[in-house]
Every structure is written in C-alpha cells, then in structure tokens.
Engineer: 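Just passing along the structure, written as structure tokens.
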Amino acid sequence: MSRIGVFVCHCGENIGATVDCKKVAELSAGLHGVVHSVDYKYMCSDPGQTMIKDAIKEKKLDGIVVAACSPRMHEPTFRKAAQESGLNAFLCEMANLREHCSWVHLKDDSTTEKAFELIHMLVEKVKKNKPLFPIKVPVTKTALVLGGGIAGIQSALDIANSGHQVILVEKDPSIGGHMAQLSETFPTLDCSQCILTPRMVEVAQHPNIKLITYAELEAVEGFVGNFKVKIRQKAKSVDEKICNGCGDCTTKCPIKKIPDEFNAGMGYRAAIYVPFPQAVPNKPVIDRAHCTWYLKGGKCGLCEKVCPTGAINYQQEDEILTFEVGAIVAATGFDIKGTDFFPEYGYGKYKNVINGLQFERLASASGPTLGEMKRPSDGKTPETIVFIACAGSRDSAKGIDYCSKICCMYTAKHAMLYKHKVHSGKAYVFYMDIRAGGKNYEEFVRRAIEEDDVSYVRGRVSKIYERNGKLIVKGVDTLLNSMPMEIEADMVVLATAVVANHDSEQIAQKMHISYDAYHFFAEAHPKLKPVETNTAGIMLAGACQAPKDIPESVSQGSGAASKVSCLFSQDVLTREPLIAEVNRSAPPLYSTCVGCFLCQSVCPYMAIETEEIRMRDGSLIKEVARINPGLCQGCGTCVALCRSKSIDIHGYTHQQIFSEVVALFNRREEYETV
Amino acid sequence: MKQFEPKIIAFVCNWCTYAGADLAGTSRLKYAPNVRIVRFPCTGRIDYQLILKAFENGADGIIVSGCHPNDCHYTSGNFYARRRWIVFKSLIDFMGFDNRRMYFSWISAAEGAKFASFINEVTDSIRKLGPYTDYSNLRKIGVGSIGEEL
C-alpha cells in the first residue's frame, strides 16, 4: 500500500488563476494510495518546501507528486527537498500544471479536470518508482573552448587562470574573431585592436592554453566531465614548428587577387597568407582553393623556393586530433548578412553600398585604405553618406524578426567616425527606433547627433538606385508626416542583420545541444541559466547564442568560464541514474535476455557489452547483454527495441509508463459511469 | 448537445517536444485542453505497445513527437522511432485499424507555436472522427489486453 503525498502549487496567480487548485487537491486526496494532499501559494518557497519536508516525515510518505511548474524548472529543487527529509530523491515526481495546463488553457472546468488528470497520471507513476542512487563519475579537468573570438578568448583565459587546462580551437588561421576587424569600439571610441591584441598574445603564451587554429570540431562523444572530442586540424601546408614567420612567401606568391576575408572583401590577399599583421599565431597558411600548386598539379612552388627555413609542405594532410575534456564552451560567434540579401538596395551590385563590417575595415587604420575614407568604386572621398539601420533586422518579410542589438550603436559610431575623418561631409542615419540601452550608450548616440551633427531620420529606405554616379536613396521621414525624402549619396552603409553562422546547425548537432529557429544556440533557461545549455557540461559564450556586443560577450565568456571552474572544482560528479538495465533473475533463467544483441546495434554510446554467465566449473550457461552504467546515457532506444522486454530504463520503466497511460483512461471510465 | 471532447495522449521526448510544449506555456499560447503529455527521455524509448494500450483503454487519438531529424539529444533515437513508426503504422493498418487517429511529428524546443497549432489541428480532426469505440469494445467483451504481464 502506497503512501503518496500530493502538493498542489498555485504559483501565485500563474496556476491559481485558471486552475481551481483547492478542488484539485481535494480530488487528489481521493485517489487510491494518496494519504496527504494540500495546496499552497508557492511550493518552491521556503515555507512551501518545509511543508513538503514536514509532511514526508509526519505522514511517512513513500512518494510525492508536486503539481507545479515544468520539471525542467524545479525538479531538482523538489528532489533535493525530498532527499533532505529522508525520502529518496527519485521518489519525487512533478506534474506540469503551469506550462502544460494553466498557461495554455482558459479558466474552465476542463482545465481543472486536466490538472487533476495530470496529477493522477503522476501519482500512478510514482507508486512504481524505486529509490535510485546517483552515479559517480570522474571529471577530466580540461576544457575545450570552441571559437577564438573575444568571448572564447575571455573564457579560455579565465579558465586557464583558475588553474585548469584549456584547448582553444579556432576555425580561421588566427584567433581574434570579428573584434579584430573592428576599427574603434563604442561607446569609448578606443581602438579595437589595441585592446584585443594583448589578449590574443596572452592566449598564445599562456602555459595552460593549447591553441589550435585552422581547425574545426569533428565530433563530440561522452557526457559531462568525460567528453571525448575529435578536432579536424585542417592542413596548413606550412610546418608551424619550422616557420619563422618572415612573410617572404606571402609577398612572393603570384596569386594576389583573392578577396580578403579579414577585410570583408574590401582588399586582396595572396594564396599563402597571414590574415592580418597582428595575427596569432603569426604564421601563414596556404589557401588550397586558390593556390596554383593544387589547382595545376604541382606547378608554381614559388613559396617553397623562397622559404628560408623549408617550412612549406604541400603534402601535409588534415589530421584528426582526439582530446578528453570535462567541459565545452561554445563561442562560435556570428555572421552578418551581405548586401546581396537586399534586392531593394541593389542586390549588392552597387559597389558603394557596403555593410557595417566593410565600413569598419574602411575606417580602420589597418584596413585597405589605411583608415582614409575612400569609397570602393573610385577611391573618392564620399561627401554624402547614408547609414541604414535595421537592414534585415526586425523585418518579418526578410524572415528575421529579432533585433540585431548592436547596429544602433555601431551605426552611431560609424557616423561619428565618418564625421571625424570628413569634416565637411554630410551623414544621414535612417532608423526605426534607437535602442541604446547600456552604460553610456544613450549619451554616445546623443553625442553623434548633437556634437557631430549627424542627421537622424526616422523612417525606412524603400529603394536605392544609381543615377549619374550617385546613389539615389529614396526614403521617408515619419516624424515629418511621412514626408518622402530623396538623398543623393556617394556611399551607403547598411547595418545588416546579425545572423548565426552558416554551419551553426551542424555544430549544434555535433554537440547535441538545442538551437532556436534562427540557428542561434539555445540556453538552458532564458533568465536563470543563460550560460548553460540543456546538455550538462556544455556552456555558451558570446554571439553564438544571440546577437551581443563586446561587453556582453566578454561577460558571458567569463560566466561560462566560471561555470566550468565550478564543475572542475569537484573531483567526482554525480549523474542522474536514469539509465537502462538488463534484468537478472534467479537460476536457471538468470535473465530473460536471450542474447540476440540487437540492442548493441542501436546503442549510440556503445554501452552494451556481452556478459557470459558461467557455471562454477567455468562452463558457459548463456551469453546475455549487460549495460555499462558509465557509458549509458539513458536514451532508452534499446528498451523499446528489446524483443523479450529484458531491458528497462530507470525513471521511465514499463511499469511506470503503462501505469500513467492506464491511469488516465481508467479514471475516465469512472467519470463517465458516475 | 455538448460537443464531443476527444481524449488524446501525447508521447513526447524530454529534450525537444516537451521543451517545445513548455515554450508554448511560457509564450502563453492557447490550445485545446484535450491532450495529456507523457514524458519520455527520447522518442526512441517509446514502445508502440503503449499506443495500443492507450487505444485499448479508450484514447481517441495519440501523438508521438520528438526532435527533428539530426537534432536528437542522443544522436539517433528519433530515427529508430521513425523507422518503427512506419512499420507499426502499416502493420496496424493491415490489421484494419483506423490509423487516422495516430499522429507523428517533429517539434523542436524552439517551436512552441508549432506545438500549439499542431495540438489544435489534431484535436479538430479527431473531434470530426468522433469517439473511438472499436478497441475499448473489445476490452469490454474481454478480448485482448496488451502489456498486462508487465
């Protein structure tokens, strides 16, 4: 005979306003095996938890159902409360009355009935629950940081400084990310390179950091504390250990007209190249897609001839590196839309319509124009420049509903930088709203408007076309009664939308983490777990989660590092014991498993082993499957597949699940007959 | 006359559809209150005997929903679920079972709106089909009891 306790939470008004919690508690008290049933305003509060703990002790409960929010939210809270009062944590179940009932239905009898049925299902389930004990696993105190932008750099440095080993993997030949491309940064207008490059050097020199550039994530296996990662080191075709970074090869390379990624296509680079002079590591790589040696079967070879150290190695191959790590920080960054995304602004055909990142390179002292304001088409100084904010962002017609967050600020910065360089020039900014939330941000925008005389026009630009060498920008000023405007501009800068990297979906799939509709990585909780993912041991940092500016990326990088350090401060981790098990029984059967081993073929973790059951004299009785508890992750695929029903999974056993289903409908029959 | 309210049971995975249903909640999207969710670690865990069990006990419709292909938290569980679903569905179709009452879908953790609209669609179409009595009638006359040994 079970002694189950039911605790119905009002969650303030969240559940209480649509579900009659009092009635639900009363109905629950009538369920078979329920000996205690109460409702309370906030179950998760201290008095609420005390209420549960007291009831467990006083009523000698052997299972509890907390009917409150989603178990994804508070299951650990209530399991802990149960544990503290002497009840095994896994004898606590949660009925999801908030997310799955009160928030999605109207105040009605059917909603209250649903709430009660959800509780009933869980009451029947918890009756079949068995005490389980957490599994202890060791922790590998090495972290993998994916992405060497500012978020990844910050994360790597913080983890390394707390005394743990870090492997920093970057897909480009140099770390630095987008921040290295920026000219000045808002709201202080300090030079981006000047604040970033010392950090990059620190990463390269840190004894706890192993830097791997020009490499990509290949696969992730394992679980928190015990990941096994495979990294593809792309062939650099230059032996890093021998190369002294003299740069002779890059100046002699005959293929010089390759659009330069670092300069956002505004300049050119050679086929053997260092992305930018301050690169870390400052060693070149060969771009095999453009190099003559690879395209024309061994011709050219000039770089090999000029290299004083003999570091060029055309035959180098991609290498798969395997590491064991305990935690992963994903800091893979973002991308921005190109101007070709905008048919109304010329599909990227007009040379003088550029995006924000290209403007950064034009304004940068290390850029293709050495910081002089020259327009791409003819190198003339633009006398009239138009900035268009929200190009793509907040535009459902473009499929991008979100705000890209950084554009308002960098557009103000761009306009300011332009005015500082071209005093006689005229700068217009077309905007929808100015979103300048952040320390000193609003002041910065005011400065652009008031001190630097940038004309802010509230309205959208409908079309841009060329006429007599000028770009005609047709817009509207909504603060002047939607007065149409036509500006003859020399250059237009689109603050194009921040989007997820084109391969972010594949990366998320490799790591088994969730991502949102826009392919940004999903955090575990929007407010309370903004750094963790739903996969334990994998954290997020920077704009791979959502558009972010530098201070936010740095904060999240540090946040992720601190989460990793917390994890590494333990020598042993405990893991939920919700894993599968092959049954064992008394001789002569030993197990209902017949040893077909179909389960082995579906297990994604290779957790199923062969166990031989032998007589004392060593003769074999039968071979059965055995699940290695250290490897099993509890997906349960083998459970559903097993033909003799010999495998069961703790926490979701056949008995538990069937009880849930049967409970739901048996109650209904009663309901109908009454 | 009071409108027929079908009883629908949804077998969903913890990582995608359960979270998607949570998102529908946090977004306060309204949908029909006819569905009861049973949480599984993965759609790969779902034993399709449960579907028969649910129908046997009087369900009017069932839903199986999990992560999109390639998004499975456990790498491949949803592929096995899909494969078994295809075989299972054609098997019970062959047996003369009305499989218009069975729905399979991919709903990710980010698709709260899709979850809400999917539940509404399924509820509407099962409401049109009316109560499902064939299987529970069998039970009443004492034929068939699936999974009872468990």
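As the structure is a computational prediction, the values presented were derived from the model and not from experiment. Both backbone and side-chain heavy atoms feed into the values below; hydrogens, waters and symmetry mates do not. Lettering follows sequence order; numbering is per chain, from 1.
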Engineer: Between B:Leu29 and chain A, with a heavy-atom cut-off of 4.5 Å, which part of the residue counts as in contact: side chain, backbone, both or neither?
Structural biologist: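 Looking at B:Leu29, just its backbone touches chain A.
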Engineer: What option among A:His512, A:His100, A:Glu660, A:Gln633 has the most heavy-atom pairs under 4.5 Å with chain B?
Structural biologist: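 The answer is A:His100.
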Engineer: Please round to the nearest 0.5 Å and tell me the distance separating atom CZ of B:Arg83 and atom CG of A:Leu641.
Structural biologist: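 Between B:Arg83 CZ and A:Leu641 CG, I get 10.0 Å after rounding to 0.5 Å.
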Engineer: Rounded at 0.5 Å granularity, tell me how far OG1 in B:Thr26 sits from NZ in A:Lys527.
Structural biologist: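 Taking OG1 in B:Thr26 and NZ in A:Lys527, the distance rounds to 8.0 Å.
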Engineer: Compare all side-chain heavy atoms of B:Ile37 with those of A:Asn96 and state whether any distance is below 4.5 angstrom.
Structural biologist: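 Sidechains of A:Asn96 and B:Ile37: no contact.
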Engineer: Side chain, backbone, both or neither: which part of B:Cys72 has a heavy atom under 4.5 Å from chain A?
Structural biologist: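 Answer is backbone: N, CA, C or O of B:Cys72 sit under 4.5 Å from chain A.
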Engineer: Testing the basics here: between A:His654 and B:Asp47, what is the closest heavy-atom pair and its distance to 0.1 Å?
Structural biologist: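 That closest heavy-atom pairing would be CE1-OD2, 3.7 Å.
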Engineer: To the nearest 0.5 Å, what is the distance between OG1 (B:Thr75) and NZ (A:Lys510)?
Structural biologist: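 The OG1 atom of B:Thr75 sits 13.5 Å away from the NZ atom of A:Lys510.
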Engineer: Tell me which of these, A:Ser514, A:Pro71, A:Cys69, has more heavy-atom pairs under 4.5 Å with chain B than the rest.
Structural biologist: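 Looking at each of A:Ser514, A:Pro71, A:Cys69 in turn, A:Pro71 comes out on top.
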Engineer: Which bit of B:Ala19 comes within less than 4.5 Å of chain A, counting heavy atoms only: side chain, backbone, both or neither?
Structural biologist: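 When you check distances to chain A, atoms from both the backbone and side chain of B:Ala19 fall under 4.5 Å.
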Engineer: Of all the heavy-atom pairs spanning A:Cys635 and B:Pro41, show the shortest one and how long it is.
Structural biologist: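 The answer is O-CG, 3.6 Å.
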Engineer: For residues 30-46 of chain B, pull every pair meeting salt bridge (Lys or Arg N to Asp or Glu O under 4.0 Å), keeping only residues two or more places apart or in separate chains.
Structural biologist: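 Listed once each, the pairs are A:Glu75-B:Arg39, A:Glu117-B:Arg36.
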Engineer: Between B:Phe11 and A:Val661, does the side chain to side chain contact (heavy atoms under 4.5 Å, CB included) criterion hold? Intermediate values first, please.
Structural biologist: CA-CA 10 Å; B:Phe11 302 119; A:Val661 173; 3.8 Å; yes
Engineer: Would you name the heavy atoms of B:Arg84 and A:Ala640 that are closest together and state the gap between them?
Structural biologist: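 In this case the closest contact between B:Arg84 and A:Ala640 is NH2-CB, 3.2 Å.
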Engineer: Ion pair present between B:Glu5 and A:Lys114, side-chain N to carboxylate O less than 4.0 angstrom?
Structural biologist: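 Salt bridge flag = no for A:Lys114 with B:Glu5.
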Engineer: Given heavy-atom pairs under 4.5 angstrom as the criterion, report whether the side chain, backbone, both or neither of B:Asn14 touches chain A.
Structural biologist: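 Its backbone and side chain both get close to chain A.
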Engineer: Which heavy atom in A:Ser601 sits nearest to a heavy atom in B:Tyr80, and how many Å separate them?
Structural biologist: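 Heavy-atom minimum between the residues: O-OH, 3.6 Å.
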Engineer: Between atom CD1 of A:Ile649 and atom CZ of B:Phe40, what is the distance when rounded to the nearest 0.5 Å?
Structural biologist: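 Answer rounded to 0.5 Å: 10.5 Å.
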Engineer: Chain A heavy atoms under 4.5 Å from B:Tyr31: which part of the residue, side chain, backbone, both or neither?
Structural biologist: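 Both parts, backbone and side chain.
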Engineer: Does any heavy atom of chain B fall under 4.5 Å from the side chain of A:Tyr605, the backbone, both, or neither of them?
Structural biologist: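 Interface part for A:Tyr605: side chain.
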Engineer: For A:Asn14, is it the side chain, the backbone, both or neither that has a heavy atom under 4.5 Å from a heavy atom of chain B?
Structural biologist: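 Looking at A:Asn14, just its side chain touches chain B.
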Engineer: Picking from A:Leu118, A:Val639, A:Val602, A:Asn534, which has the most non-hydrogen pairs under 4.5 angstrom with chain B?
Structural biologist: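 When all of A:Leu118, A:Val639, A:Val602, A:Asn534 are compared, A:Val602 has the most.
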Engineer: Got a sec, which residues hit side chain to side chain donor-acceptor pair (under 3.5 Å) with B:Thr17, two or more places apart in sequence or on another chain?
Structural biologist: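 Here the qualifying residues are B:Ser65.
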Engineer: Quick one: pull up CD1 in B:Ile8 and CG in A:Leu664 and give me the separation to the nearest 0.5 Å.
Structural biologist: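 Spacing of CD1 (B:Ile8) from CG (A:Leu664) equals 11.0 Å.
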Engineer: Could you pull out all residues at least two apart from A:Ser70 that satisfy side chain to side chain donor-acceptor pair (under 3.5 Å)?
Structural biologist: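 Expected list: B:Asp22.
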Engineer: Identify the residues of residues 104-127 of chain B whose heavy atoms come closer than 4.5 Å to a heavy atom of chain A, ordered by number, or report 'none'.
Structural biologist: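 Within residues 104-127 of chain B, the residues under 4.5 Å from chain A are B:Ala110.
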Engineer: Around atom CZ of B:Arg28, are there more than 12 heavy atoms of other residues, nucleotides or ligands at under 6.0 Å?
Structural biologist: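 More than 12 within 6.0 Å, yes.
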